[in-house]
Amino acid sequence: MSKTSEKNLLPLDIVRFRDESKAVIDFIADYYKNIEKYPVQSRVEPGYLSSVLPDSAPYSPDSLDEVLNDVSESILPGLTHWQSPSFFAYYQASSSTAGFLGEMLCSAFNVVGFTWFSSPAATELESIVLDWMGKMLRLPSSFLFSGTGGGVIHGTTCEAVVCTLAAARDKALKELGGDWEKITKFVVYASDQTHFTFQKAAKLVGIPPSNFRFLQTSFATKFAMSPELLRSAIEDDIQSGLVPLYICATVGTTACGAVDPIAELGQVANEYKLWLHIDAAHAGSACICPEFRHFLDGVELASSLSMNPHKWFLTNMDCCCLWLKEPHFLIDSLSYNPEYLENNPTKSNVVVDYKDWQVTLSRRFRALKLWIVIRRHGVENLMHHIRSDVELAKQFEALITEDERFEIVVPRRIVLVFFRLKPKHGLDGNELNRKLLDAINSSGRAFLTQGVVAGIYAIRCVVGATLTEERHMKDLWSLILEKARFILHQCSQ
Ligand SMILES: *Cc1c(COP(=O)(O)O)cnc(C)c1O
């Protein structure tokens, strides 16, 4: 296609839309078909892209062919292939056909459902799908719209933590007579394994960093938060004239997959009247299976709970579900009502306006995506999806355990296998495993990341990419053995 033929390109021409969208779908299907051929972790050097792309925008339109060609030639090499079946790093962002279709529809309608009035279906579907999801997790009715609570879909956990912290802060400030100076007295609690998102959020809502308490964890509790330490920290802070405010508990920590004891932490929270938030970003997905639901036992004692369907629930980025027992605290904290956003006045008392449940005003119709993922799989297949990944993780863990050169550093709770090569030849174990991980990742055949607990550097293998099958786990194990042999040999020289 020549440039001149596109001179009068209409931004939304139906014929062109149909043709070009189909071409892009074909491009995507080929990408998935060939995904195993790419090195999983990108190998480019910083700044690589500016050396291959022009340094200013085209004045006349480029054709779709030219653009897709550049995506293949210039963009793909700079991607780390998160959808590769050999991606075992971080926590995955799992995608699916249903998730993709949901994103397409969301993008197609492109509605901005900040108030009920601005697109009633966007708001109502979100409330319905949160109740569906909440019931799948067997949350008590105090978290559901059909009960006395409710929920919202945010983009990420970070936003959910910021918003619940703001709600807890404003609730406490009100109880203290609205004196904002008191903000310097608030104390927040988490374990030393809690995601850094929590510190960022606490700082954003004005909690002084000197009032962050990171309770120490250890091998003795498999790196779970200790309710005793929590209680004594709270007591100490009260003694010092401070005001304990908020606890962030985690189901499935990021480094090693630890699970905090929700029921016991909940008792402490209720006794001292603190806000307890449960961050189940990754592991929350597993809790739809009855055999993993016990990780959430005690959830009825919490004030809020969040999990990310975009991690392990086949829902393409982004999607974070947040449920609250008393959503009005969130609304009290975050709502402003300018005249230009007035709902139809006759309805404003009975509807949800999600702008009051989040940081931003504008919001995507994410509920559509989660709704389609749930409907197209059914709870049955979603449970199967979780269980088959857990099975693969179990088998992988068994391989590690049976090989005396390796050890499991923290026992697997769900799908995170946290392992390392045992220190040998008087070598520093951390250095040895850093080398091993580097050798594995530079091969391009798999991508894993590391975690450090109690000063021990270990390798994290998370099973959860949508396309991962048994054969990829076998390939991973051969790769690890090959690189371990090489490194051990090198070190024994
Ligand atoms: C991934 C993760 C987060 C951060 O999630 P975002 O949605 O990227 O903000 C927080 N906590 C835990 C336990 C996680 O696994």
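Start at 1 and go down the list; that is how both ligands and their atoms are numbered. Positions are given from 1, in the same order as the sequence printed here. Every heavy atom of this structure was used, including side-chain atoms; hydrogens, water molecules and symmetry mates were not.
Nearest to atom 1 (C) of ligand 1 by heavy atom, out of His310, Met317, Lys311, is Lys311.
Aromatic rings of Tyr32 and His81 (six-membered ring for Trp) have centroids beyond the 6.0 Å cut-off, not under it. For Phe186 and Tyr246, the ring centers are positioned 6.0 Å apart or more.
Ligand 1 places these atoms under 4.0 Å from at least one heavy atom of Gly252: 13 (C). Taking a cut-off of under 4.0 Å to the non-hydrogen atoms of Thr250, the atoms of ligand 1 that pass are 13 (C). Listed by number with element, the atoms of ligand 1 under 4.0 angstrom from any heavy atom of Tyr91 are 15 (O).
Contact annotation for Asn308 and ligand 1: only side-chain heavy atoms (C-beta onward) come within less than 4.0 Å of the ligand. The residue Glu159 has no part lying near ligand 1, judged by heavy-atom distances below 4.0 Å. Contact annotation: for Thr157 versus ligand 1, heavy atoms closer than 4.0 Å belong to both the backbone and the side chain.
In this pair, Phe214 and Phe198 present their aromatic rings perpendicular. The plane angle is above 60°, beyond the 30 to 60° band. A parallel orientation is assigned to the rings of Phe295 and Phe292, their planes being inclined by less than 30° (bins at 30° and 60°).
Checked against a 3.5 angstrom limit, the closest N/O atoms of Asp279 and ligand 1 fall inside it. Close N/O approach between Thr253 and ligand 1 is not found [any backbone or side-chain N/O within under 3.5 Å]. Taking any N or O of Gly155, backbone or side chain, none lies under 3.5 Å from an N or O belonging to ligand 1.
The protein heavy atom nearest to atom 9 (O) of ligand 1 is Cys158 N, 3.0 Å. Of all protein heavy atoms, the one lying nearest to atom 8 (O) of ligand 1 is Thr156 CB, 4.2 Å.
A donor-acceptor pair shorter than 3.5 Å cannot be found between the side chains of Arg460 and Gln450.
Ligand 1 has no atom lying under 4.0 Å from any heavy atom of Cys320.
Atom OG1 of residue Thr449 and atom OH of residue Tyr91 lie 9.5 Å apart, to the nearest 0.5 angstrom.
The environment of Gln216 atom CD is sparse: at most 12 non-hydrogen atoms of other residues, nucleotides or ligands sit within 6.0 angstrom.
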- Task: Start with the C-alpha distance between Asp318 and Arg366, add both sets of side-chain angles, then the distance that settles salt bridge (charged side-chain N to carboxylate O under 4.0 Å, His left out), and finish with yes or no.
- Result: CA-CA 8 Å; Asp318 52 358; Arg366 299 187 184 96; 2.9 Å; yes

